[in-house]
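Just below is one structure, and these are the notes that go with it.
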Amino acid sequence: AVQAAYAYTPGALRNPPNIYLIFVESYGSVLYKRDDFRAAYLALLAELESDLAAYGWQSTSSLSTSPTWGGGSWMAYTSALLGVRVDNQPQYLSLLNKYQVDTWPSLGRTLHDQGYRFAWLSALDDNFGEVAWQRTSRFYGIDTLIRHADLAYRGPGYGWGGAPADQYTLNHAVATLHSEGDQPLFFFTITQNSHYPWTPLPALVDDWRTLAAPAAGDFDPAAVDPDAIEHSQRRRNYLNAISYELHMLTRLIQEQGDDNTLFVLVGDHQPPVVSRRSDGWETPIHIISRDPARIAAFAPYGFSAGLAVESMETTLHHEGIYSLLMRVLTAQYGPSDIALPAYLPTGAIPMHEAQLPGATQ
């Protein structure tokens, strides 16, 4: 069923844009649902929209329902990349284990068949080992894997992890990939600096390269005890972390993007601690481009102009992002006589079937 749903014609796209699919850690719609969050968030979006417009960038936004809440980022982005709902760890592991020899028709593989290079950035200093990363690459169909060791980062870790400074890791990876050829690029990553506990945060700097140097003095991000932080301060820390990420990504777009670039920014799930399940499972999704036609192409699917959304209602789920992107790309860059592929807002398998025991087997 999934293979039939995503049976796109290889090589059909002509001169398609570079695509940056960037998941933003803990970027949730709760930002619209608390009065203080909402006021600060809308002011931030207005500021960033103005900054983008000054460089010729336009945006359109909506909400997308995540399959997970408060954590489990890998299930959120796996749902988007595979085009099916992945909402629990046994299901994820079942898919990962099965599709080592057989292949799943992922967004990365589909774009590879359209002539793209699929590059994946994983910035955390992990201990997965080579075999685990080979399995991950086979599962998603990754062409180029960029890991912490490839980044020449000697700076401090921040917050959870501790993670490198996102401004450095994203800019370093994108600049390196740009220098390696003109093949269309599909770039995927998830940010780290807005992961709980949202403190400490790196500084935003004029030259991202300076962030790679070891910290001077007695900087010790591990000294922060998340359990000792007052709840009101946690909420401020969360806003600060989202502000950092969106400012950082705006700079990335301005400095690394061009007329032939499409940015897709998606929240992975609602933040823990400062939201409730009753706030829903939706997260913001932003499409950013200099091409007005690319922006307008998303309007039929519930997107509204700008970075702020007009409605809290949405039919899009993370598992629908795969088909949404391929339908829009085919309409804009495919042959005029090709039939547009289906838009599947809840993925290739209806949600009630995807939730049945054994459905992913």
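In this chain, numbering begins with 1 at the start of the sequence shown. In what follows, every heavy atom counts, from backbone to side chain, and hydrogens, waters and symmetry copies are set aside.
- A donor-acceptor contact shorter than 3.5 Å is absent between the side chain of Arg85 and the backbone of Ile349.
- Trp160 and Val274 fall into different hydrophobic clusters, where Ile, Leu, Val, Met, Phe, Trp and Tyr side chains are chained together by heavy-atom contacts under 4.5 Å.
- Side-chain contact between Met312 and Glu282 is absent, with no heavy-atom pair separated by less than 4.5 Å.
- The shortest heavy-atom contact between Pro341 and Arg327 is O-NH1, 2.6 Å.
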Can you check side chain to side chain contact (heavy atoms under 4.5 Å, CB included) on Trp198 and Gln233, steps first, answer last? CA-CA 10 Å; Trp198 309 307; Gln233 185 61 51; over 6 Å; no
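- Under the 3.5 Å distance criterion, the side-chain polar atoms of Gln114 are matched with a main-chain donor or acceptor of Thr9.
- Taking CH2 of Trp74 as the start and OG1 of Thr68 as the end, the distance is 7.5 Å to the nearest 0.5 Å.
- Placement of Leu239 and Leu42 within a single hydrophobic cluster is found when ILVMFWY residues are connected by side-chain heavy-atom separations under 4.5 Å, directly or transitively.
- The backbone N or O of Pro90 sits nowhere less than 3.5 Å from a side-chain atom of Ser94 that would complete a donor-acceptor pair.
- Inter-residue side-chain proximity for Leu82 and Phe139 is flagged as met; some heavy-atom pair is nearer than 4.5 Å.
- The two atoms that bring Ser194 and Val24 nearest to each other are OG-CG1, 4.1 Å, heavy atoms only.
- When every heavy atom of Pro105 is checked against every heavy atom of Gln3, the shortest pair comes out as CG-CA, 4.1 Å.
- Distance check, rounded to the nearest 0.5 Å: OG of Ser66 to CG of Asp87 gives 9.5 Å.
- Between the OG atom in Ser243 and the CD atom in Glu47 there is a gap of 7.0 Å [rounded to 0.5 Å].
- Crowding of Asn15 atom CG: a count of heavy atoms from other residues, nucleotides or ligands under 6.0 Å not exceeding 12.
- Scanning all heavy atoms of the two residues, the minimum distance from Gly320 to Tyr343 falls at O-CE1, 4.0 Å.
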Stepwise side-chain hydrogen bond (donor to acceptor under 3.5 Å, both in side chains) test for Arg109 and Tyr8: CA-CA 11 Å; Arg109 283 195 170 89; Tyr8 303 108; over 6 Å; no
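- Note on ring orientation: taking the six-membered ring where Trp is involved, the planes of Tyr99 and Trp104 are perpendicular (angle over 60°, cut-offs 30° and 60°).
- Linking ILVMFWY residues whenever their side-chain heavy atoms come closer than 4.5 Å, directly or via other members, leaves Leu340 and Leu316 in distinct clusters.
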If you apply the rule side-chain hydrogen bond (donor to acceptor under 3.5 Å, both in side chains), what do you find for Gln254 with Arg251, and how did you get there? CA-CA 5 Å; Gln254 293 169 338; Arg251 290 196 189 186; over 6 Å; no
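- Going from atom CD of Glu319 over to atom CG of Leu344 covers 10.5 Å, rounded to the nearest 0.5 Å.
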Hey, mind stepping through Tyr322 and Ser106 against side-chain hydrogen bond (donor to acceptor under 3.5 Å, both in side chains) and telling me if it holds? CA-CA 8 Å; Tyr322 180 176; Ser106 68; over 6 Å; no
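- Side chain of Asp51 to backbone of Ala46: no donor-acceptor contact under 3.5 angstrom is found.
- Looking at Trp133 and Ser122, their side chains come closer than 4.5 Å, going by heavy atoms from C-beta outward.
- The local environment of CG in Asp258 is crowded, with over 12 non-hydrogen atoms from other residues, nucleotides or ligands closer than 6.0 Å.
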side-chain hydrogen bond (donor to acceptor under 3.5 Å, both in side chains) between Asn171 and Gln256, intermediate numbers included: CA-CA 8 Å; Asn171 276 280; Gln256 302 288 1; 3.1 Å; yes
Before you tell me yes or no, could you show the steps for His318 and Val86 under side chain to side chain contact (heavy atoms under 4.5 Å, CB included), namely the whole-Å CA-CA distance, both residues' side-chain angles and the distance that decides it to 0.1 Å? CA-CA 10 Å; His318 282 23; Val86 179; over 6 Å; no
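- Partner His286 forms a ring-ring contact (aromatic ring centres under 6.0 Å, His included) with one of Phe263, Phe23, Tyr27, Tyr20 and no other, that one being Tyr27.
- The aromatic rings of Trp208 and His172 lie perpendicular to each other, with more than 60° between the two planes, well past the 30° mark.
- A 4.5 Å side-chain heavy-atom check between Phe187 and Leu121 finds at least one atom pair inside the cut-off.
- Nearest heavy-atom pair, Pro272 versus Tyr196, reported as atom, atom and distance to 0.1 Å: CG-CB, 4.0 Å.
- To the nearest 0.5 Å, atom OG1 of residue Thr261 and atom CD1 of residue Ile253 are 9.5 Å apart.
- Remark: side-chain polar atoms of Arg14 are paired, donor with acceptor, to backbone N or O of Gly11 under 3.5 angstrom.
- Taking CG from Asp166 and CD from Glu245, the interatomic distance works out to 4.5 Å, rounded to the nearest 0.5 Å.
- Note: the hydrophobic cluster containing Leu252 also contains Tyr55 (ILVMFWY, side chain heavy atoms under 4.5 Å, direct or indirect links).
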Stepwise, does the side chain to side chain contact (heavy atoms under 4.5 Å, CB included) test hold for Leu63 with Ile285? CA-CA 6 Å; Leu63 298 176; Ile285 175 170; 5.8 Å; no
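- Between Val84 and Ala348 the shortest heavy-atom distance is CG1-CB, 4.3 Å.
- Ring-centre distance between Phe298 and Phe303: below the 6.0 Å cut-off.
- Leu145 and Leu124 are members of different hydrophobic clusters when ILVMFWY side chains are connected at heavy-atom separations under 4.5 Å.
- Side-chain contact between Leu21 and Leu107 is present, with at least one heavy-atom pair separated by less than 4.5 Å.
- A donor atom on one side chain and an acceptor atom on the other are not found under 3.5 Å apart for His317 and Thr346.
- One side chain, Ser73 or His269, offers a donor N or O that lies under 3.5 Å from an acceptor on the other.
- Remark: the backbone N or O of Leu307 is paired with a side-chain donor or acceptor of Glu49 at under 3.5 angstrom.
- For Gln270 and Ser29, the side-chain atoms include at least one donor-acceptor pair closer than 3.5 Å.
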Take Leu262 and Ile287 through the test side chain to side chain contact (heavy atoms under 4.5 Å, CB included) and record every step on the way to the result. CA-CA 7 Å; Leu262 178 68; Ile287 309 294; 3.5 Å; yes
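- At least one side-chain heavy atom of Leu329 sits under 4.5 Å from a side-chain heavy atom of Ile19.
- Between the side chain of Gln167 and the backbone N or O of Val205 there is at least one donor-acceptor pair closer than 3.5 Å.
- Counting heavy atoms from C-beta on, the side chains of Val131 and Arg135 come closer than 4.5 Å.
- By the neighbour-count criterion of 12 heavy atoms within 6.0 Å, atom CG of Asp182 is sparsely surrounded, having that number or fewer from other residues, nucleotides or ligands.
- Side chain of Asp113 to backbone of Thr110: no donor-acceptor contact under 3.5 angstrom is found.
- Outside the 6.0 Å centre-distance limit, the rings of Phe188 and Phe118 are not counted as a close aromatic pair.
- Side-chain contact between Asp36 and Arg235: present, with at least one pair of heavy atoms (C-beta onward) separated by less than 4.5 Å.
- Within the 3.5 Å criterion, the main-chain N or O of Val309 finds a donor-acceptor partner in the side chain of Tyr32.
- Of the possible donor and acceptor atoms, none in the side chain of Gln58 sits under 3.5 Å from a partner among the backbone N and O of Asp291.
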